[in-house]
Engineer: 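Take a look at this one; I'll ask things after.
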Amino acid sequence: MSTRENPVYETLLVERREDRVVVTLHRPEARNAISGRMIAELHRVCEDLEREPKLMLLTGHGGVFAGGADIAELRRRGRDDALRGINSRLFERMRRLPLPTVAAVDGWALGGGAELAYACDIRIAGPHAVFGNPEPGLGILAGAGACWRLRELVGESVAKQILLAGRTLDAAAALACGLVMDVVPADRLITEANVLLDRMALSSALALRLTKLVTDAPGAHPVADDLAQAVLFESPDKAERMTRFLEKNGGRS
């Protein structure tokens with residue numbers, strides 16, 4: 001059962017389900033541009049997911065993911081605002097959410113909108129998706145993670161094409177370089193994203209959480225694998241899942 005919540009959000013539509021939260025960026029008058037208000041509301045979503053971990057699906061309203069940051073607000077920001085990391089701290093917080101996050105992207109995902117999608121664990125695209133970081137044309141850099149996160153996602157060469165040469169990636173190019181997992185028809189984008197989350201939800205939540213922690217840890221080390229596995233080996237969920245597997249297969253591995 002799902003419920004639509006709630007009137008206190010002005011820039012988001014938030015749907016809470018038993019095993020996931022579906023968040024839709026909703027500023028139709030501004031191509032879902034990321035405003036200070038939206039940042040604050042996304043922080044509230046993160047706070048909820050840190051307190052009660054669930055999967056998250058993030059998408060945009062009206063065939064657009066997010067057309068970038070709110071330029072009118074951005075123009076007023078100065079040095080002290082940059083040092084506060086208004087966008088970057090949110091996106092890093094989203095990146096560190098306990099359970100996996102999926103961005104369902106169709107239409108424009110530009111500037112801060114692209115960086116928000118990059119911060120999710122997995123991206124799935126509609127046929128009209130376009131990713132890009134045109135910030136240098138506005139006299140700034142992509143300062144909310146793209147300058148280093150994009151390199152990790154698509155490699156140095158493609159990252160520099162986007163960040164320095166102004167290249168945009170359409171859905172086919174994003175799929176070819178591994179930025180997105182799949183490209184699906186626009187009218188099935190949310191359905192297919194939820195199918196992906198359904199598949200994740202079949203796994204142990206604790207195993208997903210620890211796998212994400214180890215995968216994201218800087219300087220990966222076998223000790224991290226061993227410690228995480230030690231926790232999982234002692235979990236009742238592991239014993240129950242392996243027992244079901246063996247019973248289903250007649251005791252064979």
Side-chain angles (χ1 to χ4, degrees), residues 1-9 11-26 32 38 40-61 65-66 90-106 109 116-126 129 180-217 228-248:
M1 180 177 178
S2 64
T3 56
R4 180 70 64 181
E5 294 190 14
N6 66 34
V8 298
Y9 288 107
T11 67
L12 306 175
L13 301 176
V14 179
E15 180 184 357
R16 291 182 170 83
R17 304 184 187 180
E18 183 177 353
D19 61 359
R20 74 198 62 173
V21 173
V22 180
V23 179
T24 304
L25 309 178
H26 189 258
N32 302 330
M38 183 181 286
E41 293 182 357
L42 286 169
H43 271 296
R44 287 169 49 202
V45 171
C46 288
E47 183 179 357
D48 290 343
L49 290 173
E50 290 160 352
R51 182 173 57 250
E52 184 181 354
K54 292 184 179 183
L55 302 167
M56 182 178 75
L57 171 58
L58 181 65
T59 191
H61 172 79
F65 185 73
L90 168 70
F91 298 170
E92 184 61 17
R93 186 178 190 179
M94 293 188 69
R95 175 66 171 171
R96 294 179 180 276
L97 286 173
L99 289 177
T101 58
V102 173
V105 179
D106 203 18
L116 180 57
Y118 303 157
C120 291
D121 293 304
I122 297 174
R123 288 150 295 282
I124 185 171
V180 303
M181 178 178 176
D182 201 1
V183 177
V184 301
D187 62 354
R188 288 199 52 80
L189 178 60
I190 301 303
T191 298
E192 293 300 325
N194 274 304
V195 168
L196 173 59
L197 288 167
D198 289 341
R199 190 157 68 243
M200 291 182 184
L202 294 174
S203 295
S204 158
L206 181 59
L208 285 176
R209 184 170 184 174
L210 289 175
T211 299
K212 180 173 175 175
L213 274 173
V214 173
T215 302
D216 287 345
Q229 196 74 295
V231 173
L232 292 169
F233 273 11
E234 296 296 323
S235 70
D237 195 32
K238 173 252 191 183
E240 292 169 7
R241 286 171 179 271
M242 291 192 176
T243 299
R244 287 199 304 269
F245 176 89
L246 291 171
E247 291 174 347
K248 181 179 178 181

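Model, not experiment: these values are computed from the prediction.
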Engineer: When rounded to the nearest 0.5 angstrom, what is the spacing between CG in Leu202 and CZ in Arg199?
Structural biologist: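 Here the interatomic distance stands at 9.0 Å.
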Engineer: Which heavy atom in Val183 sits nearest to a heavy atom in Val180, and how many Å separate them?
Structural biologist: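 Looking at all heavy atoms of both residues, the shortest contact is CG2-CG2, 4.3 Å.
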Engineer: Identify, with sequence neighbours excluded, every residue that meets side chain to side chain donor-acceptor pair (under 3.5 Å) alongside Arg51.
Structural biologist: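 With sequence neighbours excluded, Arg51 shows a side chain to side chain donor-acceptor pair (under 3.5 Å) to Asp48, given in chain and number order.
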Engineer: Could you tell me the separation between the OG1 atom of Thr24 and the CG atom of Leu12, rounded to the nearest 0.5 Å?
Structural biologist: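 If I round to the nearest 0.5 Å, the distance is 8.5 Å.
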Engineer: With a 4.5 Å heavy-atom cut-off, do Pro100 and Ile122 have their side chains touching?
Structural biologist: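 SC-SC contact between Pro100 and Ile122 ruled out.
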Engineer: Taking only residues two or more places apart in sequence or in another chain, which ones pass side chain to side chain contact (heavy atoms under 4.5 Å, CB included) with Arg209?
Structural biologist: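 So Arg209 forms a side chain to side chain contact (heavy atoms under 4.5 Å, CB included) with Pro53, Pro98, Leu99.
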Engineer: Rounded at 0.5 Å granularity, tell me how far CG in Leu210 sits from CG in Leu232.
Structural biologist: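 Answer for the CG-CG pair, Leu210 versus Leu232, is 5.0 Å.
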Engineer: Report yes if some heavy atom in the side chain of Thr101 is under 4.5 Å from a heavy atom in the side chain of Leu58; otherwise report no.
Structural biologist: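 No, every pair of side-chain atoms sits at 4.5 Å or beyond.
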Engineer: Checking side-chain contact (heavy atoms from CB on, under 4.5 Å) for the pair Val14/Arg44: CA distance, chi angles, key distance, verdict?
Structural biologist: CA-CA 11 Å; Val14 179; Arg44 287 169 49 202; over 6 Å; no
Engineer: Please give me the minimum heavy-atom distance between Asn32 and His61, naming the atom from each residue.
Structural biologist: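 Shortest heavy-atom contact: ND2-O, 3.0 Å.
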Engineer: Taking the side chain as everything from C-beta on, heavy atoms only, tell me whether Leu196 gets closer than 4.5 Å to Leu57.
Structural biologist: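 Sidechains of Leu57 and Leu196: no contact.
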Engineer: Which heavy-atom pair separates Tyr118 from Arg123 by the least distance, and what is that distance?
Structural biologist: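 Here Tyr118 and Arg123 meet closest at O-NH1, 3.4 Å.
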Engineer: Which of these, Ile124, Ile190, Leu189, sits in a side-chain contact (heavy atoms from CB on, under 4.5 Å) with Asp106?
Structural biologist: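 Looking at Ile124, Ile190, Leu189, the match for Asp106 under the side-chain contact (heavy atoms from CB on, under 4.5 Å) is Leu189.
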Engineer: Apply side-chain contact (heavy atoms from CB on, under 4.5 Å) to residues Arg17 and Asn194 and explain how you reach the verdict.
Structural biologist: CA-CA 11 Å; Arg17 304 184 187 180; Asn194 274 304; 3.5 Å; yes
Engineer: For the pair Thr59 (side chain) and Ala104 (backbone), establish whether a donor and an acceptor sit closer than 3.5 Å, ignoring hydrogens and angles.
Structural biologist: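 Judged by distance alone, yes, a pair lies under 3.5 Å.
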Engineer: Would you compute the distance between atom CZ of Arg244 and atom CG of Leu246 and round it to the nearest 0.5 angstrom?
Structural biologist: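 So the gap between those two atoms works out to 11.5 Å.
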Engineer: Taking only residues two or more places apart in sequence or in another chain, which ones pass salt bridge (charged side-chain N to carboxylate O under 4.0 Å, His left out) with Arg95?
Structural biologist: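 Expected list: Asp121, Asp216.
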Engineer: Can you name the residues that form a side chain to side chain donor-acceptor pair (under 3.5 Å) with Thr191, not counting sequence neighbours?
Structural biologist: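 With sequence neighbours excluded, Thr191 shows a side chain to side chain donor-acceptor pair (under 3.5 Å) to no residue whatsoever.
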Engineer: Sequence neighbours left out, what passes salt bridge (charged side-chain N to carboxylate O under 4.0 Å, His left out) with Glu50? Give chain and number order.
Structural biologist: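 Arg93.
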Engineer: What residue pairs, at least two apart or across chains, pass side chain to side chain donor-acceptor pair (under 3.5 Å) with a residue in residues 228-239?
Structural biologist: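 Only Ser204-Asp237, Asp237-Arg241 qualify under side chain to side chain donor-acceptor pair (under 3.5 Å).
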Engineer: Could you measure the distance from the CG atom of Leu25 to the CZ atom of Phe65? Nearest 0.5 Å is fine.
Structural biologist: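 If I round to the nearest 0.5 Å, the distance is 5.5 Å.
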Engineer: Report the C-alpha distance between Met56 and Leu97 in whole Å, list the side-chain angles of each, state the deciding distance to 0.1 Å, and finish with yes or no for side-chain contact (heavy atoms from CB on, under 4.5 Å).
Structural biologist: CA-CA 9 Å; Met56 182 178 75; Leu97 286 173; 4.2 Å; yes
Engineer: Which value, rounded to the nearest 0.5 Å, describes the distance between Glu41 atom CD and His26 atom NE2?
Structural biologist: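 If we round to the nearest 0.5 Å, Glu41:CD and His26:NE2 are 12.0 Å apart.
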